[in-house]
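Take a look at the structure set out below.
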Amino acid sequence: MGSSRFSTRLLNISIASFCKSQQLEKAEATIADAIRLGYIPDVVTYNTLIPAYTHFVGFDAAYLILNRITKSGLTPDVVTYNSLIAGATRCSLVPQSLGLLEEMQRSGINPSVWTYNTLMHCFFISGQLEEARRMFDKIIYSNLTPCQTTFNTIINGLCKVGDTSNALLYFRRIQSRGFSPKIVTYNILINALCKSRKLREARRFLKELKESGHDPNAITYTTVIKWYFRSSRFEEGFKIFLEMKSKGYTFDAFAYCTVISTLVMKGKMEEANVCIEHMVRNGVLDIVSYNTLISFYCKEGKLESALKLLDEIDKGGMNTDEYTHTILIDGLCRTGDIDKAQQHLKHMKLRGYDTNFAASNCLISGLCKSGQYEYALKLFEKMEFKDSFTYTSLVHGFCKAGKFCEAANIMIKCLRSGMKVLTSVQRAVFYGLRDKGLGREVRKLRSAIRIARTYSRYKSELR
DNA sequence: ATAGGGTTAG
């Protein structure tokens, strides 16, 4: 029936628009209505829901769409699987991404360039360079043609693992072989260069971008503004902001969050507040926007306002994420409400956020601040994953309590795990040990640092 | 349907 096909297309358009404005319930209600009226959703209808479910609910919810497709007598296609792989990648679920690749091949669906691009990205962000390389080889051996995104993914991946110089070399090499960079490539490089503090080189790329006939877009502008603000060059940042406005670009959620969080970071609370008012007036808030707001209120010590937003998120049918809870735990610790912070951490575990160690890091530093070292140490020992924040917080805490031997021991553990303690905290440990006449401990620590340094040099030579 | 700018911790 021709008219029904036409209606399915209209249905899909309206589903896409609901998904885009994060109105999943309306999307689902529309599908239900359509079915009641005798129109049949097709695989495109369901595929459209996948990224929306990933984004606003979670990967598990997105994965359930697969069942709905088969239950409706439809067959998942390459787009279904590519979307699911992208969803798993988004949620940092590497094994699931690979499982999906196998699953799709078992169902007789051939992976496309998109599939491998996505998997390559997945491996890059999880630091598995060899595997990422293997995905590129798959593209070549499967007689698929690498595309612009393939190259951008590689450049971006190298940047994300901290290898900006190799990203640049690779970029220049493929450029000399006919790769013509577009705006995305430039944005990747400009951001990476800013991040590794090569601001001059970043500016050169901005110039190159303009000279090659491209116009900076909203992403370019947001990136540049962020880095001007971060280096406290507010005047220049606002100048760029005006240039952006004069080009007709408006702020989106990304731009607002970037600017607000950078201003908060710099302690410019009034300016941040002006920006927040704009953001709230201008658009639908997503979870990251809410997190940014909550962070602002926490830094201001207005925990009630922060908690009120939690209700608002709930009422809007949105889900909080690990950031939301980490920010709150940190806020509670900062106001000295350790008990509530601990309660909240338990609540996180119950909600399945147990792999999140950022929250534990906050709690460790909060416990140290309130003098509960024993408890901080217990929590530290229970933590399965630790990073340099974990170690630094604890070492810092012990220093402040005058327990320099304990601080030194934790620092040695940290060095042995291949991580570093913040330099200023390192200095505090040495100063304290010396002050107490603990020369033997000083020497022990020195030698641990030397060994760690040798080892890390050795590792970088191996690469 | 994939790649680029956003939220956490000293």
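No hydrogens, no waters, no symmetry mates; every other heavy atom, side chains included, goes into these values. Proteins get letters first, then strands, A, B, ... in listed order; numbering begins at 1 in each.
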If you compare every side-chain N and O of [X] against the phosphate oxygens of [N] (OP1, OP2), does one of them come in below 4.0 Å?
{"X": "Asn82(A)", "N": "dT2(B)", "answer": "no"}
{"X": "Arg90(A)", "N": "dA1(B)", "answer": "no"}
{"X": "Lys299(A)", "N": "dT7(B)", "answer": "no"}
{"X": "His396(A)", "N": "dA9(B)", "answer": "no"}
{"X": "Thr258(A)", "N": "dG5(B)", "answer": "no"}

Contacts of Gln148(A) that satisfy side-chain hydrogen bond (donor to acceptor under 3.5 Å, both in side chains) - sequence neighbours left out: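 Expected list: none.
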Sorted by chain and residue number, the side-chain hydrogen bond (donor to acceptor under 3.5 Å, both in side chains) partners of Arg134(A) (sequence neighbours excluded) come out as Glu131(A)
With a 3.5 Å cut-off and heavy atoms only, can you find an N or O donor on one side and an acceptor on the other between the side chain of Thr392(A) and the base of dG10(B)? yes
Establish whether the base of dG5(B) is bridged to the side chain of Asp252(A) by a donor-acceptor pair shorter than 3.5 Å. yes
Heavy atoms only, 4.0 Å cut-off, all strands: where does [X] land among base, sugar-phosphate and nothing?
{"X": "Thr153(A)", "result": "sugar-phosphate"}
{"X": "Ser289(A)", "result": "base"}
{"X": "Ala86(A)", "result": "sugar-phosphate"}
{"X": "Lys420(A)", "result": "nothing"}
{"X": "Val425(A)", "result": "nothing"}

All pairs passing salt bridge (charged side-chain N to carboxylate O under 4.0 Å, His left out) where residues 272-301 of chain A contributes a residue, at least two apart: Glu300(A)-Lys302(A)
Counting side-chain heavy atoms from CB outward, which of [options] is closest to [X]?
{"X": "Ala358(A)", "options": "dA9(B), dG4(B), dA1(B)", "result": "dA9(B)"}
{"X": "Asn217(A)", "options": "dG4(B), dT8(B), dA9(B)", "result": "dG4(B)"}
{"X": "His121(A)", "options": "dA3(B), dT8(B), dA1(B)", "result": "dA3(B)"}
{"X": "Asn117(A)", "options": "dA9(B), dA1(B), dT2(B)", "result": "dT2(B)"}
{"X": "Val79(A)", "options": "dG10(B), dG4(B), dA1(B)", "result": "dA1(B)"}
{"X": "Trp114(A)", "options": "dT2(B), dG10(B), dG5(B)", "result": "dT2(B)"}
{"X": "Asp330(A)", "options": "dT2(B), dG5(B), dA9(B)", "result": "dA9(B)"}

Got a sec: does the [atom1] of [X] have more than 12 other heavy atoms crowding it under 6.0 Å?
{"X": "Lys266(A)", "atom1": "NZ", "answer": "yes"}
{"X": "Lys138(A)", "atom1": "NZ", "answer": "no"}
{"X": "Lys247(A)", "atom1": "NZ", "answer": "yes"}

According to ring-ring contact (aromatic ring centres under 6.0 Å, His included), who are the partners of Tyr228(A), at least two apart in sequence or on a separate chain? none
Hits for ring-ring contact (aromatic ring centres under 6.0 Å, His included) against Phe404(A), two or more places apart or cross-chain, chain-then-number order -> none
Which of residues 239-247 of chain A sit near DNA chain B, with a heavy atom under 4.0 Å from it? none
May I ask you to list the residues of residues 183-195 of chain A, by number, that have any heavy atom positioned under 4.0 Å from an atom of DNA chain B? Ile183(A), Val184(A), Asn187(A), Ile188(A), Asn191(A)
Does the ring of Tyr323(A) meet both stacking tests against the six-membered base ring of dT7(B): centre distance under 5.5 Å and plane angle under 30°?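 Ring-base stacking flag set for Tyr323(A) and dT7(B).
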Grab the [atom1]-[atom2] distance between [X] and [N] for me, whole Å please.
{"X": "Ile125(A)", "N": "dT2(B)", "atom1": "CD1", "atom2": "P", "value": "13 Å"}
{"X": "Ile410(A)", "N": "dG10(B)", "atom1": "CD1", "atom2": "C1'", "value": "15 Å"}
{"X": "Leu100(A)", "N": "dT2(B)", "atom1": "CG", "atom2": "P", "value": "14 Å"}
{"X": "Asn152(A)", "N": "dA3(B)", "atom1": "CG", "atom2": "P", "value": "11 Å"}
{"X": "Leu394(A)", "N": "dA9(B)", "atom1": "CG", "atom2": "C1'", "value": "14 Å"}
{"X": "Phe136(A)", "N": "dA3(B)", "atom1": "CZ", "atom2": "C1'", "value": "14 Å"}
{"X": "Ile139(A)", "N": "dA3(B)", "atom1": "CD1", "atom2": "P", "value": "14 Å"}
{"X": "Tyr53(A)", "N": "dA1(B)", "atom1": "OH", "atom2": "P", "value": "17 Å"}

Quick one: do Glu201(A) and Lys198(A) make a salt bridge, cutoff under 4.0 Å? no
Starting at the 5' end of DNA chain B, which residue's closest nucleotide do you reach first, Thr118(A) or His55(A)?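 Mapping each residue to its closest nucleotide by heavy atoms, the 5'-most match is Thr118(A).
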If you assign each of Thr150(A) and Trp227(A) to its closest nucleotide in DNA chain B, which residue comes earlier from the 5' end? Thr150(A)
Test of understanding: with side chain to side chain contact (heavy atoms under 4.5 Å, CB included), list the residues that count as partners of Phe56(A), not counting sequence neighbours.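 Applying side chain to side chain contact (heavy atoms under 4.5 Å, CB included) to Phe56(A) gives Gln22(A), Leu24(A), Ala52(A).
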How would you list, by chain and number, every residue that makes a side chain to side chain contact (heavy atoms under 4.5 Å, CB included) with Lys308(A), sequence neighbours excluded?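 Not a single residue meets the side chain to side chain contact (heavy atoms under 4.5 Å, CB included) criterion with Lys308(A).
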Please find out if less than 6.0 Å separates the ring center of Phe238(A) from that of Phe229(A).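 Between Phe238(A) and Phe229(A), the centre distance is under 6.0 Å.
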